Chemist: 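What follows is a single structure, and I will ask about it in a moment.
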2 protein chains.
Amino acid sequence: MAARSPRGFGQYSGIARALERVGERWALLVLRDLLVGPRRYSDLKAALPRIPTNILSDRLRELQEAGLVRRVPIVRGGYELTPLGRELEPVVLALERWGWSVLGDPGDAEAMSHEALAMALRSAFRPDAAAALPPTEYVLHVGRASVAAVVDGPVLEVVPIGPDAVPQPRPTTPADAATATVEFALAPSALRDLVAGRADAAGVPVLAGDADGVARFARTFRIETVDPPSAGAAGDAAVA
Amino acid sequence: MAARSPRGFGQYSGIARALERVGERWALLVLRDLLVGPRRYSDLKAALPRIPTNILSDRLRELQEAGLVRRVPIVRGGYELTPLGRELEPVVLALERWGWSVLGDPGDAEAMSHEALAMALRSAFRPDAAAALPPTEYVLHVGRASVAAVVDGPVLEVVPIGPDAVPQPRPTTPADAATATVEFALAPSALRDLVAGRADAAGVPVLAGDADGVARFARTFRIETVDPPSAGAAGDAAVA
DNA sequence: CGGGATCCCAAGCGATACTG
DNA sequence: CAGTATCGCTTGGGATCCCG
């Protein structure tokens, strides 16, 4: 169908087909947000402040035509992933993990949305490490975004909290009795250093719960990063 | 650096950063080809017939500035991945796997390059299944592309063969004595059906080697696909 | 001859204004 | 609130041309 179209890549290949569906600008960011849960048009726009409204509209239509997204019947302006769309989670997680190697520091007008934070935690989650630790609910505040990450054995559930965020079924086990809770706040770059293993858990102010819950967090959520070449070789490496 | 640039996404997020580096059109296809091995400019252009030469040139420069690609010192026009670039393999494999759910049939002018075939096999490889099978060298001919896939326990090595393909170190173990060889040819869509588990290994003509080597191949290389929704709901789903 | 750079046109993107 | 319409600008596509 989209085989020989002018915008196709003219190649019979899985990646080429995938990029024909989700390779356009903003598409994977919209899909990432929908991976966190169903969202309304205005939610998506709020989570992606710089997306032009016509582009959001175009992408949602294209993703529906491609069978990755469908409308939520009852909610006006509501969208959710189809099973095919949900299968993109490994792609999004892989991109998220790789991106941490080139994250740098937040720019002036750059913020972290609830959804970005939620998917970052999902991509950093280490089931093996978590299985050896007691069940814990981590409540994180990063910039203006807050999420609750409930870890029970090798299972993680992340729920955005706060005034925004579409109503969503609360985590399956509201409080497993034995579930400890730790709450703390970090700057975005501090979260990066903690998850990348470049900073220690000490120095993170704990708002509530066990003080070494942050160390447990750092063992549970970890992304292995690679240092980019330090602009030594060829190329001028845009220093600005 | 590329934080608040006009083309950035204005979000502090791993995926956003990743897409700022490799989200432009053609970039991930170039990277896929370089994941197979070092390539010269003309190799890349031959493997991606529809890429305009200026775009290939632009992408290679951008990828160098981003530290994902560097020039091969000796070879004129040679390019290879940096360690950071090689870390994109999980992304490419995840996209490749997902793409098989929407592969469809090859369009009129669509071909499969050596590199596309090689990465398809890498993405479909099942180390667990392979470990239980005897070491085997599969020689595949799909369309005009040919590769040798050497499987030894849970380890796979894929090497493009034929008149093209940059000289590359031959697979580590040229012939492990006990390594069986199977050679067969398929149409692109037949490979898709075989790897997706929609076709049986019977009916594939074996050119050389054990006749049920194809069945072994089908157990070793497998991609789980999801059926796209059948254009029943909303959207017109481009039928052409 | 292989490895790119330049040109022009079409299509996609971004910002804003506007409508059901 | 959930989009559509419009317009100027940026990118990509295709052919050609230049350089070592």
Side-chain angles (χ1 to χ4, degrees), chain A residues 2 4-11 16 19-30 33-34 38-65 69-80 109 164 166-167 234-235, chain B residues 2 4-11 16 19-30 33-34 38-65 69 71-80 109 163-164 166-167 234-235:
Chain A
R4 220 200 116 29
S5 81
R7 294 294 289 183
F9 294 100
Q11 186 164 106
L19 293 175
E20 286 164 6
R21 261 76 179 178
V22 302
E24 316 258 305
R25 196 164 157 75
W26 294 103
L28 278 165
L29 290 174
V30 171
D33 288 352
L34 289 174
R39 289 290 183 274
R40 283 164 305 173
Y41 192 92
S42 54
D43 300 324
L44 294 170
K45 221 165 84 161
L48 260 19
R50 308 234 313 176
I51 192 174
T53 177
N54 59 335
I55 298 296
L56 177 55
S57 178
D58 287 355
R59 292 296 168 270
L60 285 170
R61 185 178 37 72
E62 293 158 9
L63 293 173
Q64 285 177 80
E65 288 171 4
V69 167
R70 64 178 166 226
R71 310 198 69 126
V72 177
I74 314 221
V75 185
R76 237 188 76 92
Y79 295 89
E80 67 181 358
D164 329 331
V166 156
Chain B
R4 218 199 119 29
S5 82
R7 294 295 288 184
F9 295 100
Q11 187 164 108
L19 292 175
E20 285 163 7
R21 261 76 178 177
V22 302
E24 316 258 304
R25 198 165 156 76
W26 292 104
L28 278 165
L29 290 173
V30 171
D33 288 351
L34 289 174
R39 291 288 184 274
R40 283 165 303 175
Y41 191 92
S42 55
D43 300 324
L44 295 170
K45 221 165 82 162
L48 261 18
R50 307 234 315 176
I51 192 175
T53 175
N54 58 336
I55 298 295
L56 177 55
S57 180
D58 287 355
R59 293 296 167 270
L60 285 169
R61 183 178 38 72
E62 293 159 8
L63 293 173
Q64 284 176 81
E65 288 171 3
V69 166
R71 309 197 69 126
V72 178
I74 315 223
V75 185
R76 246 189 67 93
Y79 295 89
E80 67 181 357
D164 331 329
V166 157

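Because the structure is predicted, anything quoted here is derived from the model rather than measured. Throughout, protein chains are lettered first and strands after them, A, B, ... in sequence-line order, and every chain is numbered starting at 1.
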Chemist: Test side chain to side chain contact (heavy atoms under 4.5 Å, CB included) on B:Leu60 and B:Leu44; report intermediate values, then the result.
Modeler: CA-CA 10 Å; B:Leu60 285 169; B:Leu44 295 170; 4.1 Å; yes
Chemist: For nucleotides 15-20 of chain C, just jot down a letter per nucleotide in 5' to 3' order: B, S or -, based on protein non-hydrogen atoms under 4.0 Å.
Modeler: BBB--B
Chemist: Atom CG of B:Leu60 to atom C1' of C:dG4: distance rounded to whole Å?
Modeler: 10 Å
Chemist: If you apply the rule side chain to side chain contact (heavy atoms under 4.5 Å, CB included), what do you find for B:Leu56 with B:Leu48, and how did you get there?
Modeler: CA-CA 9 Å; B:Leu56 177 55; B:Leu48 261 18; 5.8 Å; no
Chemist: Please determine whether a side-chain nitrogen or oxygen atom of A:Trp26 lies at a distance below 4.0 Å from atom OP1 or OP2 of C:dG12.
Modeler: no
Chemist: Closer than 4.0 Å, any side-chain N/O of B:Tyr41 to the OP1 or OP2 of C:dC1?
Modeler: no
Chemist: Mind calculating the distance between CD (B:Gln64) and C1' (C:dG3) to the nearest angstrom?
Modeler: 13 Å
Chemist: Have a look at A:Arg61 and say if it touches a base, only the backbone sugar-phosphate, or nothing, with a 4.0 Å heavy-atom cut-off.
Modeler: nothing
Chemist: Would you kindly give the CD-to-P distance between A:Glu62 and C:dA11, to the nearest whole Å?
Modeler: 15 Å
Chemist: Quick one: B:Tyr79 OH to C:dG3 C1', roughly how many Å, whole number?
Modeler: 8 Å
Chemist: Enter the distance from A:Gln64:CD to A:Arg71:CZ here, rounded to the nearest 0.5 Å.
Modeler: 5.5 Å
Chemist: I would like to know whether B:Thr53 and B:Tyr41 meet side-chain hydrogen bond (donor to acceptor under 3.5 Å, both in side chains); could you show each step before the answer?
Modeler: CA-CA 9 Å; B:Thr53 175; B:Tyr41 191 92; 2.8 Å; yes
Chemist: Roughly how far, to the nearest 0.5 Å, is the CG atom of A:Leu28 from the CG atom of A:Asp33?
Modeler: 11.0 Å
Chemist: Respond yes when some side-chain nitrogen or oxygen of A:Ser42 is under 4.0 Å from OP1 or OP2 of D:dC1, and no when none is.
Modeler: no
Chemist: How long is the line joining CD1 of B:Ile55 and C1' of D:dG14, in whole Å?
Modeler: 10 Å
Chemist: More 5' along DNA chain D: A:Ser57 or B:Glu24, using each one's nearest nucleotide?
Modeler: A:Ser57
Chemist: Using distance alone, with no hydrogens and no angle criterion, decide if A:Arg70 and A:Tyr79 have a side-chain donor and acceptor under 3.5 Å apart.
Modeler: no
Chemist: When the distance from CZ of A:Arg40 to P of D:dG3 is rounded to whole Å, what number comes out?
Modeler: 12 Å
Chemist: If you compare every side-chain N and O of A:Arg25 against the phosphate oxygens of C:dG14 (OP1, OP2), does one of them come in below 4.0 Å?
Modeler: yes
Chemist: For DNA chain D, just give me the dot-bracket, please: Watson-Crick or G-U, both distances below 3.5 Å, ( ) intra-strand, [ ] crossing earlier pairs, | paired with another strand, . unpaired.
Modeler: .|||||||||||||||||||
Chemist: Any side-chain heavy atom of B:Arg25 sitting closer than 4.5 Å to one from B:Ile55?
Modeler: no
Chemist: Taking only the side-chain nitrogens and oxygens of A:Arg71, find out if one of them lies under 4.0 Å from OP1 or OP2 of D:dG3.
Modeler: yes
Chemist: Could you tell me the separation between the CG atom of A:Leu44 and the C1' atom of D:dC1, rounded to a whole number of Å?
Modeler: 13 Å
Chemist: Would a 4.5 Å heavy-atom cut-off, applied to side chains only, mark A:Leu29 and B:Leu19 as touching?
Modeler: yes
Chemist: Given A:Arg50 and B:Phe9, is the side chain to side chain contact (heavy atoms under 4.5 Å, CB included) satisfied, shown in steps?
Modeler: CA-CA 7 Å; A:Arg50 308 234 313 176; B:Phe9 295 100; over 6 Å; no
Chemist: Output the rounded distance in Å from CG (A:Leu56) to P (C:dG14).
Modeler: 12 Å
Chemist: To the closest 0.5 Å, what do you measure between CZ (B:Arg7) and CD (B:Glu20)?
Modeler: 11.0 Å
